Amino acid sequence: MWVWFFMLISIIGIRFLIPEGIGEKRKNLIFLCLSFLIVVFVVGSRSPHLMRSSDLSIYYECYGDALSNPLWVLKEEYKMEEGYLVLNKILAWFVPWNYYIIYFEAAFCTGVMFWYIYRNAESVFLAVIVYICLGPWQFFLTGFRQAFAVSICFIALEFIKKHKVLYDIAAVALIALASALHITAWLFLLVFLLRMITVTKKVIIYAALLTLLLLVTVDDLIVLGNDVLDRDYTIVYYGNVFAGLVPILIYISTFILCYLIWTWDKTHMDENHMEIIMLITGLCIYVMRYNMHIMERVSYYFTPVISVLLANAVTRQRTKKVSNVVFVICVALCVILFIYRASEQYGEYHFYWEYLERLEIK
């Protein structure tokens, strides 16, 4: 558990160690690069044998089998998308080391999300803290296939924002690639429609009404989706009604902050249009987790924008004094939530070489 704390404290400490006189752009790049190395080291060095995560061990075993088995054997053994199995075969051919897949997933997903933050966040530091503490980072620790898919979709998002035909074609190709790793990535095509929607009071009301309608019909939609995608997602929710309340409150609070800024700065909605409409969409989908837990995973294609959107909302306050106060409060709440999750949900941390040392002792 202390390793998780060390990771977060180190990232926060980096911000204060970088000298101010080197320019904001260079300062952001240094911060992101050093934070990237820390996150990849901590996330990639986890032991699939000793950590409390069955998914992590399955992905580790899949990569190990890819070292010595043909693709058809992997397809029979693991009920995963063929694209992900092909990725394992390619990586295993270049790097025949069982633990490499954990480092690769950590490096690819962290790199893409930090790149997205660098391109869009006004406060890179705050965006990284929000991403790790409030964003989908916790899910990325174990959901390898969808983590790859979400990351690729966020590369596509930057192309979609350009509103140009060639970039749109490239975005569709990236979404197709992501869907080869996790079939649910096809839902990201919805972003092409979302970019045409202007955020207004009517849109918010319509989104709320649509969510209520979906809550009533989601069971039938899941049955239809199972038939189309050849899946067997069960229409069952396990857990209490307060389990997903914190993310919902965070998403709503972020949108309220954005709206308050809009009342005196009309450019804020325009500059963060895609992030705002995606957060609204992600929130509507996330609420349906109470009908079916898989909808929480679907929302992860949209909700990672919280890292940029919340950071921009905090830094765009009317005065510098108010911005600094909100900044400190936001960081403090992020750290508190991270400490709670690290102690209650992540489980005790173990490096992979601890397991190897135990084997040598035996």
Side-chain angles (χ1 to χ4, degrees), residues 4-15 27-44 105-144 146-155 157-158 246-251 253-255 257-258 272 274-276 278-279 282-283 286 296-297 299-316 326-327 329-342 345-346:
W4 298 120
F5 298 160
F6 165 79
M7 182 189 76
L8 185 62
I9 292 171
S10 298
I11 291 173
I12 294 175
I14 288 172
R15 179 178 184 269
K27 182 179 172 182
N28 287 338
L29 285 173
I30 293 174
F31 170 76
L32 285 174
C33 288
L34 293 177
S35 299
F36 171 83
L37 293 175
I38 292 171
V39 171
V40 172
F41 172 75
V42 172
V43 176
E105 189 265 352
F108 181 82
C109 297
T110 304
V112 170
M113 296 312 298
F114 279 15
W115 170 77
Y116 166 72
I117 286 171
Y118 178 74
R119 288 177 59 89
N120 297 279
E122 295 178 16
S123 172
V124 167
F125 167 76
L126 183 56
V128 168
I129 297 301
V130 171
Y131 166 66
I132 292 174
C133 300
L134 308 182
W137 183 77
Q138 181 181 0
F139 173 72
F140 283 8
L141 292 175
T142 55
F144 279 29
Q146 191 173 344
F148 281 124
V150 170
S151 300
I152 294 172
C153 285
F154 265 70
I155 299 175
L157 174 63
E158 293 303 297
V246 171
I248 291 173
L249 292 176
I250 291 169
Y251 301 152
S253 299
T254 300
F255 181 76
L257 269 178
C258 292
N272 298 273
M274 283 302 303
E275 278 71 25
I276 292 173
M278 284 181 67
L279 183 65
L283 173 59
Y286 186 87
E296 179 177 332
R297 289 193 171 201
S299 71
Y300 291 149
Y301 287 102
F302 305 94
T303 55
V305 297
I306 187 69
S307 56
V308 164
L309 196 56
L310 181 53
N312 289 352
V314 169
T315 55
R316 191 71 74 87
V326 178
F327 182 95
I329 293 173
C330 185
V331 172
L333 292 176
C334 284
V335 172
I336 291 171
L337 182 58
F338 183 86
I339 291 173
Y340 168 77
R341 287 177 170 174
Q345 299 174 4
Y346 297 168

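It should be emphasised that the depicted structure is a prediction, and the values quoted were computed from it without experimental measurement.
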Let me see the working for Ser123 and Val314 under side-chain contact (heavy atoms from CB on, under 4.5 Å), right down to the final yes or no. CA-CA 9 Å; Ser123 172; Val314 169; over 6 Å; no
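- The CZ atom of Arg15 sits 14.5 Å away from the CD1 atom of Ile30 when rounded to the nearest 0.5 Å.
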Could you please spell out the steps behind the side-chain contact (heavy atoms from CB on, under 4.5 Å) verdict for Trp115 and Leu32? CA-CA 9 Å; Trp115 170 77; Leu32 285 174; over 6 Å; no
Given Glu275 and Asn312, is the side-chain contact (heavy atoms from CB on, under 4.5 Å) satisfied, shown in steps? CA-CA 10 Å; Glu275 278 71 25; Asn312 289 352; over 6 Å; no
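- Annotation: side chain of Phe139 is not in contact with side chain of Val150 (no heavy-atom distance under 4.5 Å).
- Of the possible polar contacts, none joining the Thr110 side chain to the Ala107 backbone as a donor-acceptor pair under 3.5 Å is found.
- A 4.5 Å side-chain heavy-atom check between Leu279 and Leu283 finds every atom pair outside the cut-off.
- Remark: the backbone N or O of Arg316 is not paired with any side-chain donor or acceptor of Glu122 at under 3.5 angstrom.
- In this structure, Arg341 contributes its side chain and Cys133 its backbone to a donor-acceptor pair below 3.5 Å.
- Within the 4.5 Å cutoff, the side chain of Phe125 has heavy atoms near those of the Ile129 side chain.
- Between Ile14 and Ser35 the shortest heavy-atom distance is CD1-N, 4.0 Å.
- In this structure, CD1 in Ile248 is found 11.5 Å from OG in Ser253, a value given to the nearest 0.5 Å.
- Between the OH atom in Tyr116 and the CG atom in Leu157 there is a gap of 6.0 Å [rounded to 0.5 Å].
- Separation of atoms CD (Glu105) and CG (Leu141) is listed at 8.0 Å; rounding is to 0.5 Å.
- Applying the side-chain hydrogen bond (donor to acceptor under 3.5 Å, both in side chains) criterion to Asn120, with sequence neighbours excluded, gives Glu158, Lys161.
- Side-chain contact check for Phe338 versus Trp4: some heavy-atom pair is nearer than 4.5 Å.
- Two residues are said to be in side-chain contact when any heavy atoms from C-beta on lie closer than 4.5 Å; Ile11 and Phe31 meet this criterion.
- With a 4.5 Å cut-off on side-chain heavy atoms, Phe114 and Val124 do not count as touching.
- Applying the side-chain hydrogen bond (donor to acceptor under 3.5 Å, both in side chains) criterion to Tyr300, with sequence neighbours excluded, gives Glu296.
- Heavy atoms only, all atoms of each residue included: Ile117 and Ala127 are closest at CG2-CB, 3.5 Å.
- Here the straight-line distance linking atom OG1 of Thr142 with atom OH of Tyr346 works out to 10.5 Å at 0.5 Å rounding.
- The heavy-atom pair separating Tyr131 from Cys109 by the smallest distance is OH-O, 4.4 Å.
- The minimum heavy-atom distance linking Phe108 with Phe148 is given by the pair CD2-CD2, 3.6 Å.
- Ser307 approaches Ala311 most closely through the heavy-atom pair O-CB, 3.3 Å.
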Asn272 vs Cys258, test: side-chain contact (heavy atoms from CB on, under 4.5 Å). Steps then yes/no. CA-CA 9 Å; Asn272 298 273; Cys258 292; over 6 Å; no
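- Contact of the Ile12 side chain with the Val335 side chain is registered, since non-hydrogen atoms from C-beta on lie closer than 4.5 Å.
- At least one side-chain heavy atom of Gln146 sits under 4.5 Å from a side-chain heavy atom of Tyr301.
- Taken from CG in Leu8 to CD1 in Ile339, the straight-line distance is 7.5 Å, to the nearest 0.5 Å.
- Contact record, Ile276 with Phe255: CG2-CE1, 3.8 Å, taken as the closest heavy-atom pair.
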